[in-house]
Number of protein chains: 2
Amino acid sequence: MRTVRHEGCAACHLKCDIYLTAIEMQMEADLEPIHIVYKKHETICRQKTLITHAIVMLDGSAKMYIDGLNNKNIILNILLPSNYIGLLPVYSIPESTYNVAALSDCYTCHIDIGLISTLYNSNQNFMHSLNQAFGKSVSAIMRKLISLNQKQIRGKVAESLLYLSALYDATRFILSITRKELAELSAISEENAVRVLTEFKNEGIIDMNGKEITLKEMGLLETISAMG
Amino acid sequence: MRTVRHEGCAACHLKCDIYLTAIEMQMEADLEPIHIVYKKHETICRQKTLITHAIVMLDGSAKMYIDGLNNKNIILNILLPSNYIGLLPVYSIPESTYNVAALSDCYTCHIDIGLISTLYNSNQNFMHSLNQAFGKSVSAIMRKLISLNQKQIRGKVAESLLYLSALYDATRFILSITRKELAELSAISEENAVRVLTEFKNEGIIDMNGKEITLKEMGLLETISAMG
DNA sequence: TAACAACATTGATACAGATCAACTTTTTTG
DNA sequence: CAAAAAAGTTGATCTGTATCAATGTTGTTA
């Protein structure tokens, strides 16, 4: 982890609503953003700790996950640039309900949560954009509740592959996560994640060598995911 | 289902924030509340349908649940008087992500969602109270995600019993749900729900005859729930 | 670049929980 | 109030998935 002095924040301007809103409200001087670089594997946010800053992803990718019972975590989603971390206090949740860890080196910008709340309360557009993001994550979690509970492993893996495909907006992509993490994203064991991948490969549904994966039969994957 | 003409709404005044806020904002005249009585088993809110009104529970109890894959639903929680249904549009989710069905005859009050949004936008206290409720439900769902995924059946049933105990604020209560619904609340099969209940009874952890349940060893139940 | 750690893969085994089946009890309703 | 439907119960069986074990591969670092 490396703290970088704020120098203009060109990146933030491009990647986050907070800046635009602060400027609009003539509160840019209050921002005092802190840029922090996290190395791969470092923890960016720890479950059950007090949230003092909202964090904007500027570069890199990270996993959002919750602690499971026997060291078995569940990955909720993958965070990419312009995603926010730590908005929960706006909704009266002072402590984080999830962890975030860097999947690659991550450039982030931290902004005092009190200022976020002020902007939220005084700017309706900003409020709506945060509410929308929050609302989306709620419906996403509900979907996940169903799939993790009722789909079997092939359906879960298919869903994860489709999720990653949508995330990278490509049917051929380099897996940014390990097999173990793919398993955590699907809430199954690592061994079964591998097994299903090879099954899919043998069935011609995907191509795979190492970290590079190509989804060949999107329709089939969607069926497998939907049927469970 | 029976629609009742609005006559003063004394019950609503007592049971909901919306009224107090509307009065404060001098918008009481805009409320146009509709009182609807649902009979046991009737659907109050259907997943994937457009939400036009917020609904306040005035009397009775209902289950909030999501459609599973093979007609296997998951009950998220039980709703009691003063609980709200259908606030999602405030967070830019136009369609319901869940169903609500009456567990007993339910007296409800429907209020146009547009008015709720207006109140939300113009009154910070109201906004905070809705945000707080929304935030709480998010953390509750996250907890459920873990428990439904990683606990085994004894842990799940113990958790459900503790949930009901907290809900009714009593260690001895009449189960308002069937065994099948207890199973859906725990995301296990009906048969296993019954089996675990009899196990708990034989082990002296609970007392049970028919619908009446007494939690005798709260500490033990908490351990079982926490351990999985 | 050698040594070690992390990651990936495959097969064999064990087990928790779903499903099936048969039956009893309670509740609903014509 | 009788008949039918819904709810509750128990045992036997089946199956999907976790776990264990062994081994290969890739990546990291001293």
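A, B, ... follow the sequence lines: proteins, then strands. Residue 1 opens every chain. These numbers come from the heavy atoms of this one structure, side chains and all, not from hydrogens, waters or symmetry mates.
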Worksheet item: By a strict heavy-atom criterion of less than 4.0 Å, which residues belonging to residues 151-160 of chain B are in contact with DNA chain C?
Response: Gln152(B), Ile153(B)

Discussion item. Please enumerate all residues that pass side chain to side chain contact (heavy atoms under 4.5 Å, CB included) together with Leu88(A), with sequence neighbours excluded.
Written reply: Ile51(A), Ile93(A), Thr97(A), Tyr98(A), Phe134(A)

Worksheet item: Can you tell me if Asp105(A) uses its side chain to pair, donor with acceptor, with the backbone of Lys40(A) under 3.5 Å?
Response: yes

Fill in: With Asp67(A) via salt bridge (Lys or Arg N to Asp or Glu O under 4.0 Å) - residues at least two apart
Arg46(A)

Fill in: Proximity to the side chain of Thr198(A) - top-ranked nucleotide from dT10(C), dA18(D), dA18(C)
dT10(C)

Practice prompt. Specify the separation, in whole Å, of atom CG of Leu148(A) and atom C1' of dA18(D).
Written response: 16 Å

Worksheet entry | Degree of bending, the helix from dT1(C)-dA30(D) to dG30(C)-dC1(D) (end axes from five pairs; round to 10°) | 50°

Worksheet item: Taking Lys156(A) for the side chain and Leu148(A) for the main chain, is one N or O donor matched with an acceptor at less than 3.5 Å?
Response: yes

Practice prompt. Only counting residues at least two apart or in another chain, list the ones meeting salt bridge (Lys or Arg N to Asp or Glu O under 4.0 Å) with Glu190(B).
Written response: none

Item to complete: Would you kindly give the CD-to-P distance between Glu184(B) and dG8(D), to the nearest whole Å?
Response: 12 Å

Worksheet item: Where the side chain of Arg195(B) is defined as all heavy atoms beyond and including C-beta, which of dT9(D), dA12(D), dC7(C) is the nearest nucleotide?
Response: dA12(D)

Worksheet item: In terms of side-chain heavy atoms of Val194(B), which of dT19(C), dT10(C), dT9(D) is nearest?
Response: dT9(D)

Under 3.5 Å, sequence neighbours excluded: what are the donor-acceptor pairs made by side chains of residues 215-228 of chain A?
residue	atom	partner	partner atom	Å
Thr223(A)	OG1	Gly219(A)	O	2.9
Ser225(A)	OG	Lys151(A)	NZ	3.2

Practice prompt. Whole angstrom is fine here: how far is it from CG in Asn209(B) over to P in dG8(D)?
Written response: 13 Å

Discussion item. Expressed as a whole number of angstroms, how long is the span from Lys201(A):NZ to dT10(C):C1'?
Written reply: 14 Å

Practice prompt. Report the distance from atom CG of Asn192(A) to atom P of dT15(D), rounded to the nearest whole Å.
Written response: 17 Å

Fill in: Toward the 5' end of DNA chain C, by each residue's nearest nucleotide, Glu190(B) or Thr178(A)
Thr178(A)

Discussion item. Tell me every residue that passes side chain to side chain contact (heavy atoms under 4.5 Å, CB included) with Ile146(A), counting only those two or more places apart in sequence or in another chain.
Written reply: Gln150(A), Ile66(B), Leu69(B), Ile74(B)

Fill in: Separation of atom NE2 in His41(A) from atom P in dA5(C), rounded to whole Å
16 Å

Item to complete: Using the test side-chain hydrogen bond (donor to acceptor under 3.5 Å, both in side chains), find all partners of Tyr91(A) that sit at least two apart in sequence or belong to another chain.
Response: Asn131(A)

Item to complete: Using whole Å, report how far CG of Leu197(A) lies from P of dT25(D).
Response: 18 Å

Practice prompt. Could you list all the ring-ring contact (aromatic ring centres under 6.0 Å, His included) pairs where at least one residue sits in residues 204-228 of chain A, not counting sequence neighbours?
Written response: none

Discussion item. Tell me the interatomic distance from Arg179(B), atom CZ, to dA7(D), atom P, rounded to whole angstroms.
Written reply: 12 Å

Worksheet item: Near DNA chain D, which residues from residues 60-72 of chain B have a heavy atom under 4.0 Å away?
Response: none

Item to complete: Assign a letter to each nucleotide of nucleotides 21-30 of chain C from its 5' end: B, base within under 4.0 Å of a protein heavy atom; S, sugar-phosphate only; -, no contact.
Response: -------S--

Fill in: Residues in side-chain hydrogen bond (donor to acceptor under 3.5 Å, both in side chains) contact with Arg195(A), at least two apart in sequence or another chain
Asn192(A)

Fill in: Ser104(B) (side chain) donor-acceptor with Ser61(B) (main chain) under 3.5 angstrom
yes

Discussion item. Using the rule given for salt bridge (charged side-chain N to carboxylate O under 4.0 Å, His left out), can you reason through Arg154(B) versus Glu203(B), listing the C-alpha separation, both sets of side-chain angles and the distance that settles it, and then say yes or no?
Written reply: CA-CA 12 Å; Arg154(B) 285 171 60 92; Glu203(B) 294 167 18; 3.0 Å; yes

Worksheet item: To the nearest 0.5 Å, what is the distance between CD1 (Ile78(A)) and OH (Tyr163(A))?
Response: 5.5 Å

Worksheet item: So do the side chains of Lys63(A) and Ile177(A) get within less than 4.5 Å of each other, counting heavy atoms only?
Response: no

